Structures are given as C-alpha cells and as structure tokens.
2 protein chains.
Amino acid sequence: MTPSPHDPADVDAIFRNHGLRVTSQRRRVLAAIGRLQHTTPDQLSREVDGDGGDALPLSTIYRNLDTLTELGVVAATRLTEGAPTYHLDQHATHLHLVCNGCGAITEAPLAVADELAEAVYDRDGFVADLRHLPVHGWCARCAPGRTEIPDQGGTDQHDHTHQHRA
Amino acid sequence: MTPSPHDPADVDAIFRNHGLRVTSQRRRVLAAIGRLQHTTPDQLSREVDGDGGDALPLSTIYRNLDTLTELGVVAATRLTEGAPTYHLDQHATHLHLVCNGCGAITEAPLAVADELAEAVYDRDGFVADLRHLPVHGWCARCAPGRTEIPDQGGTDQHDHTHQHRA
DNA sequence: TTTCGTGCAAACAGTTTGCAATCCG
DNA sequence: CGGATTGCAAACTGTTTGCACGAAA
C-alpha cells in the first residue's frame, strides 16, 4: 500500500521508497500542503515560513512541489488566474467549482461528471481525467445577480472582467 | 442582434457601439483571431505580424485582447500550461478536450456536460459556465499507452473512465 | 482639437536554473 | 565520503504599466 502523506511516519517512507532523501524542507512542505488543502506556491511559502522553522526560499518550494508531483503525492490544477493550485493527490477525489464572482472554490464528487466522461469517451475515445476538472461558474450566493450564462452572443455586458481575489 | 466579428463590416460597428475607436490594430487582431480559431497571445502576435502590415508590439496585442474580452467578443481559457488560449466568444459553443499526451485540443458539444451542470446546480446551486470547460485527459491515440487514470495516490474505489466498454 | 490608442521601455509576477555550500545516507 | 538538496542570485517567460507621440472622431 502506498504510505499516506497524512501520516507523518509514512511521509519519510514515501521519499525513501523512491530513493529520495528525507529533508526537513520536504517534511515541512508536505505538512503545509496537508494543512492548507489547496494552495498556490506562494501561499504555501508563507505557510511554511510560519511553521516555526526558518523561511524556505521559493526555489526550494518549487523544487519540492515538482518532486512531489512526480511522485504522484501532490497534483496541480489551474483554478484561478494567477498561480496553479496544488493539493494532495489523494485528496483529489473531487472536482472543483470555481466561482467567477467571489472566487470561492467548492468541491464536488467526481460522480457528477461521470456522464461527461462517458460521453466524450463514446464520442472521441477521449479518456477524461476528471480529478483536476475546474468548473467555472457562479456559486449559489453570486449566481442570483448574474444568472444568464447561456448567452452566447456577447451582447451581455459581463463584467467579470478580472478579479483580484484571494 | 450583435454585429458579428466574422463580418468585416460589422467589426467596426462592434467597437463604435461601445464608444471605442476603430484602429487598424484592432481590426488586424480580431481578424487574426478569426483565422486561428484558438490562440495564445504570442501565437496571435506572430499571426498578426505575418499579415502584411507592420509588426504589433505585444503590449498592443494584450491591450486589445483585454478590450475584446470586456466587449464579450473574445474569451480566454487556460487549456495548456503556459499562456491562456483566446477564441471568438461566439465560437465558444463547445468545451475543450485537452490531451495530456500529445497536447491536441479537440472540441466537444456543450451537451456532453449537461448532466454535470444539472448535478452541480442541484447539489450546490452552482451555475456552471461550461463554455470554457477544459477537460484534460488522453485522446484516443494517446490513451492506449497510459490508460490508468483513476489510480495515483488514493485507494481508487470507483474507476469508471476507462472501463465502459472495451 | 480632443481624447483614445499605440509604441516603447521599464516594471512585474511566477517560475526555472547555475553553482557553491550543506546535509543525508 | 559522495552525491542529493539546499540557498541564493541571476535569468526567463508571460503580462502589465507609465508616458510621450500619433491618430480617430
């Protein structure tokens, strides 16, 4: 069985099993991702910096993010405008609902997209990876104001221009 | 009845109707997007540069892309790692299948995601904007080699995706 | 003529890389 | 000890911005 990143004891094994060294930086990065659930590299950097130890340079954050991604321990998705969002891969048993209004990110079970997966497979033989699917739109709170999605023309003055957000 | 970006005559109207000026740069950018169907800012830049006129600085490309996006004439999606992909919004009556293997981008009708839209609406009151949905995965050609999607870190319970029909 | 839009260069954000010092195994 | 990692700074890509000039209306 694959060791779980949730269990601090197993974390080391994950690295060792791949012939990689266990360093405090790696432990701290992985722990911080676990705490944040989903995070961009610089949020992660701040989280790691606040865990009591020394601050880690961004380059180390990035390198470890890459390593962890290669190991399949974490995965990235582009949910927002700026930096990609990383999360534990084992936590990726859902897809993301990203609100264009308030920026809120909700999770929904993969099952909601089962039909989609089947449809594109039947149509094109395309094997969809739903785990990282970012579904944009408007959450229950933001939708009321601007519900008209299915307007193709471009007549409507959408003003979801750009949002700063966090 | 919004004027259509496809009709060169109407293009000017689109701008004027919004109190914006008609410049050769704007015409050329819009025309190039129409030709390319979907494009990143720098592909677009090269396309514009090759249309016979003077080269346009990237900043002009970006500014016009922003303007056109605000007008609802074009829309952007993040399909690949690097830069976002722009396309005419009226052409956005489909979602994108992005192959992780070869990078190919295929289009599929929005209808394949109808159930998804309904499901998330029922669950969370989330109004999905499927027009820009980037579905990652493996195309028919690339899938065979690496079909096991639903594995990775987690104990995979369900594993739909690749098993509907052999 | 009055602005708006363009061109250019400098500033930015996010990410990658080279290299010497450091630490794990 | 010896190679894998780190820290730091410099390089890079993609994008934005300030400002003076040129051009639509």
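All of these numbers come straight from a predicted model, not from anything done at the bench. Residue numbers start from 1 in every chain, and the chains themselves are labelled A, B, ... in the order their sequence lines are given, proteins ahead of strands.
- Rounded to a whole Å, the CG atom of Leu44(B) is 14 Å from the C1' atom of dT15(D).
- Of the listed nucleotides (dT6(C), dT15(D), dT5(D)), dT5(D) has the atom at the smallest distance from the side chain of Thr23(A).
- Toward the 5' end of DNA chain D, the nearer of the two residues Val22(B) and Asp42(B), judged by each one's closest nucleotide, is Asp42(B).
- The aromatic rings of His94(A) and His87(A) sit tilted relative to each other, their planes meeting at an angle between 30° and 60°.
- Counting atom types as modelled, Arg21(A) pairs a side-chain N or O with a base atom of dG3(D) as donor and acceptor under 3.5 Å.
- Contacts between residues 47-66 of chain A and DNA chain C, defined by a heavy-atom separation below 4.0 Å, involve Ser59(A), Tyr62(A), Arg63(A), listed by number.
- Leu68(A) places its CG atom 13 Å from the C1' atom of dT5(D), with the value rounded to the nearest Å.
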(request) Please step through side-chain contact (heavy atoms from CB on, under 4.5 Å) for the pair Asp89(B) and Thr69(B), ending with a clear verdict. (result) CA-CA 8 Å; Asp89(B) 192 67; Thr69(B) 301; over 6 Å; no
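- Both tests hold for Arg26(B) against Phe15(B): distance to the six-membered ring centre under 6.0 Å, angle to the ring axis within 45°.
- For the pair Leu97(B) and Ile105(B), the minimum side-chain heavy-atom distance is 4.5 Å or more.
- Considering only heavy atoms from C-beta on, Leu116(B) stays 4.5 Å or farther from Glu115(A) through its side chain.
- The distance between atom CD of Gln43(B) and atom P of dG14(D), rounded to the nearest whole Å, is 11 Å.
- Asp12(B) has its CG atom 13 Å from the C1' atom of dA25(D), to the nearest Å.
- The aromatic ring centroids of His136(A) and His96(A) lie 6.0 Å or more from each other.
- Comparing Arg16(B) and Arg78(B) by the nucleotide of DNA chain D whose heavy atom lies nearest to each, the residue mapping closer to the 5' end is Arg78(B).
- At whole-Å resolution of the value, CZ in Arg27(B) and P in dT6(C) are 12 Å apart.
- Per the geometry, CG belonging to Asn17(A) stands 15 Å off C1' belonging to dG25(C), to the nearest Å.
- One distance of note links CG of Leu44(A) with CZ of Arg35(A); it measures 9.0 Å at 0.5 Å rounding.
- In this structure, Gln25(B) reaches the dG7(C) phosphate: one of its side-chain N or O atoms is under 4.0 Å from OP1 or OP2.
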